[in-house]
Amino acid sequence: MVTEVVKSNELHKIDPVFGQLSFDNHEQVVFCNDKDTGLKAIIGIHNTVLGPALGGTRMWKYQSEWDALNDVLRLSRGMTFKSAITGLNLGGGKAVIIGDAKTEKTPELMKKFGEFVHSLSGKYITAEDVGMETSDMDLVRTVTPYVTGISEANGGAGNPSPITAYGVFMGMKAAAKYTFGSDLLEDKVIYVEGIGNVGEALVENLTNEGAKVYIADINQKRLEEIRDKYSVEIYGGSNLYAEKMDIYAPCALGATINDTTINQIQAKIIAGAANNQLADEKKHGLMLRDRGIVYAPDFLINAGGIINVYAELENYGRKEIIRKTENIYNTTLEILTNAETNGVTTHQAALDIAQSRIDAKKNNQ
Ligand code: NAD
């Protein structure tokens with residue numbers, strides 16, 4: 001009996017939503033449920049100081065609803081800092097749909113999701129993320145204007161993934177310049193983990209420059225497809241992290257730099273597209289620094305996609321998209337140097353600059 005009371009008190013201490021580790025003063029969290037289409041989605045709106053919260057929708061077969069909530073909270077927070085550091089007038093938001101994108105995604109479900117987005121009257125603007133295609137955003141567009149990443153045929157900027165990959169490539173080159181004194185990636189040994197939409201486009205950039213690229217993915221068919229298209233090798237081992245390499249490029253899901261992997265990592269640089277690569281930003285950021293591994297902050301170098309979809313809202317063209325994306329090179333170099341000068345992790349240096357932009361806008365409101 002006594003234990004039950006203690007348990008119940010403990011439960012009250014850990015608030016299920018506001019007390020989540022990943023909850024970081026989010027402005028709004030919306031749970032979307034529709035019995036007819038089977039839609040179960042969560043929209044996280046982290047911060048709208050700089051503008052409407054823009055961020056993609058991820059469809060994933062989560063192990064539990066808690067995992068989905070945790071993911072959307074981490075992702076939406078990341079979007080706030082991504083847009084802020086990139087100089088875009090956007091806030092941070094993200095959505096997750098719980099389910100298998102290959103078997104459970106239907107046009108009805110996507111439209112219903114669009115209706116939920118619409119009900120937020122533009123406070124949240126969606127786009128694609130893992131498990132979504134441009135054609136899904138076209139469907140969402142039939143019920144709401146608050147969507148980006150729609151096809152060029154429908155007046156959008158098209159698939160953001162090649163631009164995301166180009167930005168990662170720029171960030172990686174800047175990290176190489178900082179670490180090796182040259183940004184040429186020729187002959188550098190690079191492991192790309194996750195060769196989906198972004199991973200493939202990154203592989204193309206890297207192989208064009210003559211890098212020695214190894215690829216890893218849980219999808220064997222995809223691995224063979226990419227191997228047949230580019231000059232790459234499929235990684236055949238069982239522990240990629242422990243392999244000797246110049247650069248590790250995480251391009252699958254987040255949190256691959258964690259308590260288990262961090263001490264095994266042999267890479268000199270980490271630069272990839274995945275969001276939230278550090279399982280614990282502070283702890284793992286410090287551990288990477290102590291091990292002398294140069295980490296190019298994910299939310300800084302994977303901003304090409306948001307630059308691409310922002311063009312749909314601001315009506316700028318391809319030339320400006322490329323210019324803004326290439327600027328990731330300069331910002332990355334600046335952040336890596338700043339971090340060293342100020343004795344902070346590269347992740348913290350990037351966060352500080354992003355936060356100062358948000359604070360400045362807030363104080364002038
Ligand atoms: P995608 O779904 O096209 O590709 C993801 C790939 O990762 C798939 O091939 C999948 O099989 C593979 N994968 C999943 N789990 C894996 C694992 N444990 N080990 C190895 N491979 C695994 O997604 P994408 O659009 O290429 O995005 C990749 C990452 O980049 C995501 O984290 C996404 O949030 C981030 N990102 C994407 C964009 C964009 O423009 N698409 C923009 C910013 C950030």
Side-chain angles (χ1 to χ4, degrees), residues 86 160-217 223 225-237 240-252 256-257 265-275 277 288 291-305 307-308 321-337 339-340 346-347 350:
T86 312
S161 303
I163 296 292
T164 301
Y166 187 55
V168 171
F169 182 58
M170 287 294 118
M172 194 184 273
K173 281 173 91 55
K177 173 85 181 159
Y178 174 83
T179 312
F180 307 124
S182 160
D183 61 18
L184 258 190
L185 298 176
E186 192 180 1
D187 294 331
K188 291 281 179 273
V189 175
I190 304 175
Y191 278 62
V192 181
E193 182 187 42
I195 37 153
N197 292 320
V198 181
E200 175 178 358
L202 179 63
V203 163
E204 189 175 0
N205 283 299
L206 296 176
T207 50
N208 281 344
E209 191 154 312
K212 175 118 195 58
V213 178
Y214 290 85
I215 52 171
D217 202 290
L223 282 169
E225 227 174 82
I226 303 297
R227 180 206 46 204
D228 294 345
K229 233 165 131 181
Y230 307 93
S231 171
V232 294
E233 265 183 56
I234 296 177
Y235 174 57
L240 176 154
Y241 310 102
E243 297 294 334
K244 268 206 146 67
M245 65 183 86
D246 293 302
I247 303 173
Y248 162 49
C251 294
T256 55
I257 300 155
I265 295 176
Q266 296 299 314
K268 299 179 186 83
I269 292 172
I270 298 176
N275 284 307
Q277 292 165 24
L288 286 179
R291 294 204 50 220
I293 299 170
V294 174
Y295 172 65
D298 48 12
F299 66 89
L300 165 64
I301 71 166
N302 72 10
I307 291 170
N308 195 63
I321 292 175
I322 298 292
R323 192 198 65 76
K324 279 187 159 56
T325 306
E326 285 179 343
N327 197 40
I328 290 176
Y329 181 100
N330 299 325
T331 319
T332 306
L333 213 46
E334 190 188 320
I335 295 286
L336 298 182
T337 314
E340 190 180 335
T346 56
H347 193 84

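Positions are given from 1, in the same order as the sequence printed here.
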Minimum heavy-atom separation for [X] and [Y], please, with both atom names.
{"X": "Ala339", "Y": "Thr346", "result": "CB-CA, 3.8 Å"}
{"X": "Ala174", "Y": "Thr332", "result": "CB-CB, 3.8 Å"}
{"X": "Asn302", "Y": "Ala274", "result": "ND2-O, 3.7 Å"}
{"X": "Pro160", "Y": "Asn308", "result": "CA-ND2, 3.5 Å"}
{"X": "Gln277", "Y": "Asp298", "result": "N-OD2, 2.8 Å"}
{"X": "Ser161", "Y": "Ala201", "result": "O-CB, 4.5 Å"}

Flag for Tyr235-Glu193: side-chain donor and acceptor within less than 3.5 Å = no

Going by atom types only, do Asn330 and Asn327 share a side-chain donor-acceptor pair under 3.5 Å?
-> yes

Please report the interatomic distance [atom1]([X]) to [atom2]([Y]), rounded to the nearest 0.5 Å.
{"X": "Tyr166", "Y": "Ile301", "atom1": "OH", "atom2": "CD1", "value": "14.0 Å"}
{"X": "Thr164", "Y": "Ile328", "atom1": "OG1", "atom2": "CD1", "value": "8.5 Å"}
{"X": "Ile293", "Y": "Thr179", "atom1": "CD1", "atom2": "OG1", "value": "11.0 Å"}
{"X": "Ile190", "Y": "Lys212", "atom1": "CD1", "atom2": "NZ", "value": "11.0 Å"}
{"X": "Leu240", "Y": "Gln266", "atom1": "CG", "atom2": "CD", "value": "11.5 Å"}
{"X": "Ile307", "Y": "Ile321", "atom1": "CD1", "atom2": "CD1", "value": "9.0 Å"}

Run the side-chain donor-acceptor check on residues 180-189: report pairs under 3.5 Å with partners two or more places apart or on a different chain.
from	atom 1	to	atom 2	distance (Å)
Ser182	OG	Leu184	N	3.1
Asp183	OD2	Tyr329	OH	2.7

Trace of the side chain to side chain contact (heavy atoms under 4.5 Å, CB included) decision for Phe169 with Leu202 = CA-CA 7 Å; Phe169 182 58; Leu202 179 63; 4.1 Å; yes

How far apart are the C-alpha atoms of Leu288 and His347, what are their side-chain angles, what is the distance that settles it, and do they pass the side chain to side chain contact (heavy atoms under 4.5 Å, CB included) test?
-> CA-CA 10 Å; Leu288 286 179; His347 193 84; over 6 Å; no

List the steps and the verdict of side chain to side chain contact (heavy atoms under 4.5 Å, CB included) for Lys229 and Glu200.
-> CA-CA 10 Å; Lys229 233 165 131 181; Glu200 175 178 358; 2.6 Å; yes

Residue list, ring pair (Phe, Tyr, Trp, His ring centres under 6.0 Å) with Tyr178, at least two apart or on another chain = none

Contacts of type ring pair (Phe, Tyr, Trp, His ring centres under 6.0 Å), residue Tyr248, not counting sequence neighbours = Tyr241

Would you check, one step at a time, whether the test side chain to side chain contact (heavy atoms under 4.5 Å, CB included) holds for Ile215 with Asp217?
-> CA-CA 7 Å; Ile215 52 171; Asp217 202 290; over 6 Å; no

